[in-house]
Peer 1: 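Dropping the structure in here first, questions after.
Keep in mind that what you see is a predicted model, and the values were worked out from it rather than measured.
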Amino acid sequence: MNIVIAGAGELGQLLAEKLTVNNHDVVLIDSSVETIDQISQSLEVKLIEGSCIDLETLKRANIRTADVLLAVSGDDAANVLTCQIASRLGVKKTICRLNSVFFFSKEDNLQPETFGIWKYVSPPDECVRKIAAILTDRYLLEEIRFSHPDAVMRVFEISRSSLLAHARVKDLPMDPALRESVRFAAIVREKQFVVPHGDTIFVPGDKVYVAGTSDKVADFIRWASSDQGTSKASRIIIAGSSVIGTLLGQTLCAAGYDVRFIVKDSHDGEKLFEAIPQDILVVNGNATDEEILREAGADDCDAYISADIDDEDSILSCIIAKQLGARKTVSVTTKPEYIRIVPMMDLIDCGISASLVAVNAILRMIETGTMRVDAYLQMHHAQLTEFRISNSSPLCGKALANCKLPSSLLFALLFRNDEVIAPAGGTVFMPGDIVVSIVTPETEKELAPLFPDR
């Protein structure tokens with residue numbers, strides 16, 4: 001596809017990197033000469049210097065022939081206007097990044113399409129949804145969504161007392177119906193990526209990717225931790241009054257959590273009291289100060305979430321909070337360089353990249369031929385990909401057991417019309433079926449011949 005990206009900040013650059021890897025033709029627009037020069041050293045994309053709301057700049061980017069426009073600068077108003085111009089010039093798919101959705105009002109008949117916006121993504125909203133999801137269980141680390149609304153992949157860590165600890169995949173002592181409704185897609189063990197098979201034995205510390213329908217995956221995780229009693233978080237500490245931190249506080253307070261904040265100055269605290277009507281405790285001070293963390297209760301909290309605008313402070317405060325006794329730590333960062341680094345830190349349970357969360361949300365909106373990337377994984381250099389089976393696919397009409405797939409490949413789910421299927425040996429692939437796999441750089445070449453474009 002021909003894709004024009006307006007805005008070459010952290011999100012725009014990350015999108016350009018991921019989309020060019022998947023063989024899309026990308027044009028990147030930015031008004032900063034310094035940014036354009038820097039990108040030219042690392043990315044092989046067409047670069048246009050100029051304002052994304054300038055008609056001549058958009059014409060130089062060949063906007064009339066674009067299949068998709070991604071307006072992802074840090075200026076909401078500029079993104080909306082860029083989408084409006086592109087839509088008038090014939091671009092059907094315009095995706096707008098917004099930190100706030102105050103532009104829209106059903107009551108006043110001001111909908112996204114009013115501004116020529118096909119779809120929009122709010123990185124703060126996406127991050128808050130992701131964080132709220134993993135707070136439902138102490139050992140839950142990540143939740144990933146697919147094109148099918150009822151399908152989900154969740155990542156959880158196996159504790160020493162888990163029913164999965166030291167059990168073999170094919171011998172799990174559980175209800176067979178539940179066992180057949182979920183699939184183990186991958187394991188990250190001591191920072192290594194493992195493709196699980198029947199003889200694979202789970203060990204404490206494994207981070208397991210399990211896929212299925214949302215309710216079945218939830219049932220499975222509850223079963224796996226049934227001997228640990230309730231593990232849902234209750235007391236939450238949020239460091240930072242950023243847009244993400246404030247929105248997260250509003251969401252968690254409304255859900256009944258005991259929420260406490262650490263902010264650097266009293267003015268930020270006053271704004272929090274205005275934004276959140278529920279009772280909250282606000283501690284003024286630096287979240288990297290051990291005494292401030294103790295005052296907020298970080299030494300006895302269910303989850304400590306750092307949403308500080310300073311990535312380094314966010315990471316450091318999580319490490320200190322974990323050492324003090326926080327049962328779960330979540331660090332939210334924006335710089336792309338931390339995408340792979342933070343999830344590998346032992347004292348940080350969940351590393352969430354706001355940029356990667358936004359990239360994944362946008363990728364789920366773009367369908368391309370027989371391949372669709374749903375998400376790049378936080379914890380490993382791999383991507384979660386959907387593949388559509390065509391009539392010419394060598395898998396078409398064959399049962400999974402007869403496909404002779406390499407041992408490094410595993411299909412986690414199959415979507416057939418409205419049905420979500422956990423594929424087994426007897427599952428026969430049909431034209432139009434969509435299969436889901438975690439793809440690493442090593443397995444990508446092996447998968448390509450199985451899913452021809454026609």
Side-chain angles (χ1 to χ4, degrees), residues 127-128 130-132 134-135 137-142 155-157 159-160 188 190-191 204-205 207 231-249 252-253 257-269 272 276 280-357 378-379:
C127 283
V128 167
K130 201 170 187 68
I131 295 170
I134 62 177
L135 293 179
D137 189 283
R138 177 181 172 184
Y139 297 98
L140 192 58
L141 305 178
E142 188 175 359
V155 187
F156 70 100
E157 183 173 352
S159 67
R160 294 185 180 277
V188 174
E190 296 180 351
K191 302 179 176 62
K207 297 175 177 62
S231 54
K232 180 178 178 179
S234 176
R235 178 179 295 174
I236 311 293
I237 296 176
I238 301 172
S241 58
S242 62
V243 174
I244 292 174
T246 302
L247 183 58
L248 180 62
L252 297 182
C253 282
Y257 289 88
D258 172 12
V259 178
R260 304 178 178 188
F261 273 91
I262 299 175
V263 296
K264 291 183 178 179
D265 60 59
S266 57
H267 180 64
D268 290 339
L272 279 172
I276 302 175
I280 57 173
L281 172 67
V282 177
V283 176
N284 293 326
N286 195 318
T288 59
D289 185 326
E290 183 175 321
E291 291 305 313
I292 294 295
L293 286 169
R294 289 186 184 278
E295 182 180 345
D299 53 341
D300 186 30
C301 67
D302 296 301
Y304 176 88
I305 303 161
S306 182
D308 198 296
I309 58 174
D310 185 298
D311 284 357
E312 289 74 21
D313 280 355
S314 177
I315 293 169
L316 179 57
S317 72
C318 275
I319 292 173
I320 298 172
K322 190 69 173 182
Q323 290 175 327
L324 289 177
R327 285 177 278 283
K328 187 173 194 173
T329 53
V330 182
S331 176
V332 181
T333 57
T334 57
K335 295 177 183 176
E337 52 262 39
Y338 289 125
I339 288 174
R340 299 285 167 245
I341 297 174
V342 175
M344 295 295 105
M345 294 181 174
D346 292 335
L347 293 177
I348 297 180
D349 298 300
C350 309
I352 293 180
S353 164
S355 298
L356 187 59
V357 168
Q378 299 269 166
M379 285 193 292

Peer 1: Do Val330 and Asp349 have side chains that approach each other closer than 4.5 Å (heavy atoms only, starting at C-beta)?
Peer 2: no
Peer 1: Under the 3.5 angstrom rule, does the side chain of Ser306 hit a backbone N or O of Ile238 as a donor-acceptor pair?
Peer 2: no
Peer 1: Which pair of non-hydrogen atoms, one from Asn284 and one from Asp265, has the smallest distance, and what is that distance?
Peer 2: OD1-O, 3.5 Å
Peer 1: Keeping the roles fixed (side chain from Lys322, backbone from Arg327), state whether a donor-acceptor pair exists under 3.5 Å.
Peer 2: yes
Peer 1: Side chains of Ile305 and Leu248: does their closest heavy-atom pair fall under 4.5 Å?
Peer 2: yes
Peer 1: Any side-chain heavy atom of Lys264 within less than 4.5 Å of one from Asp308?
Peer 2: yes
Peer 1: Do Phe156 and Ile134 pass the side-chain contact (heavy atoms from CB on, under 4.5 Å) test, and can you show the C-alpha distance, the side-chain angles, and the key distance before you say yes or no?
Peer 2: CA-CA 9 Å; Phe156 70 100; Ile134 62 177; over 6 Å; no
Peer 1: Suppose the criterion is side chain to side chain donor-acceptor pair (under 3.5 Å): which pairs have a residue in residues 286-299, not counting sequence neighbours?
Peer 2: Asn286-Thr288, Glu290-Arg294
Peer 1: Walk me through it: do Ile352 and Val357 pass the test side-chain contact (heavy atoms from CB on, under 4.5 Å)?
Peer 2: CA-CA 8 Å; Ile352 293 180; Val357 168; 3.8 Å; yes
Peer 1: Just how far is it from atom SG of Cys350 to atom CG of Leu141, taken to the nearest 0.5 Å?
Peer 2: 5.0 Å
Peer 1: Taking only residues two or more places apart in sequence, or in another chain, which ones meet Ser242 in a side chain to side chain contact (heavy atoms under 4.5 Å, CB included)?
Peer 2: Ile244, Ala307, Ile309
Peer 1: To the closest 0.5 Å, what do you measure between CG (Asp310) and CG (Leu316)?
Peer 2: 9.5 Å
Peer 1: For a 4.5 angstrom cut-off between non-hydrogen side-chain atoms, does Asp268 reach Leu272?
Peer 2: no
Peer 1: Within this structure, what is the CG-OH distance for the pair Leu135 and Tyr257, rounded to the nearest 0.5 Å?
Peer 2: 5.0 Å
Peer 1: May I ask you to test the Ile280-Phe261 pair for a side-chain heavy-atom distance under 4.5 Å?
Peer 2: yes
Peer 1: With sequence neighbours excluded, tell me which residues meet side chain to side chain contact (heavy atoms under 4.5 Å, CB included) with Asp311.
Peer 2: Thr333, Thr334, Lys335, Tyr338
Peer 1: Considering all heavy atoms of both residues, which atom of Val155 and which atom of Leu140 are nearest to each other, and what is their separation?
Peer 2: O-CD1, 3.4 Å
Peer 1: For the side chain of Lys328 and the backbone of Ile348, is there at least one donor-acceptor N/O pair under 3.5 Å apart?
Peer 2: no
Peer 1: Which distance, rounded to the nearest 0.5 Å, do you find between the CD1 of Ile237 and the CG of Leu293?
Peer 2: 7.5 Å
Peer 1: Heavy-atom distance under 4.5 Å between the side chains of Val282 and Arg260, does that happen here?
Peer 2: no
Peer 1: How far apart are the closest heavy atoms of Ala239 and Tyr304, and which atoms are they?
Peer 2: CB-OH, 3.2 Å
Peer 1: As an exercise, state the distance from CD of Glu157 to CD of Glu142, rounded to the nearest 0.5 Å.
Peer 2: 13.5 Å
Peer 1: Between the main-chain N or O of Val243 and the side-chain N or O of Thr246, is there a donor-acceptor pair closer than 3.5 Å?
Peer 2: no
Peer 1: Locate the shortest heavy-atom distance separating Ser317 from Ala287; write the atom from each residue and the value.
Peer 2: CB-O, 3.3 Å
Peer 1: Is the backbone N or O of Arg235 less than 3.5 Å from a side-chain atom of Asp302, with the two atoms forming a donor-acceptor pair by type?
Peer 2: yes
Peer 1: With rounding to the nearest 0.5 angstrom, report the OG to CD1 distance, Ser241 to Ile276.
Peer 2: 9.5 Å
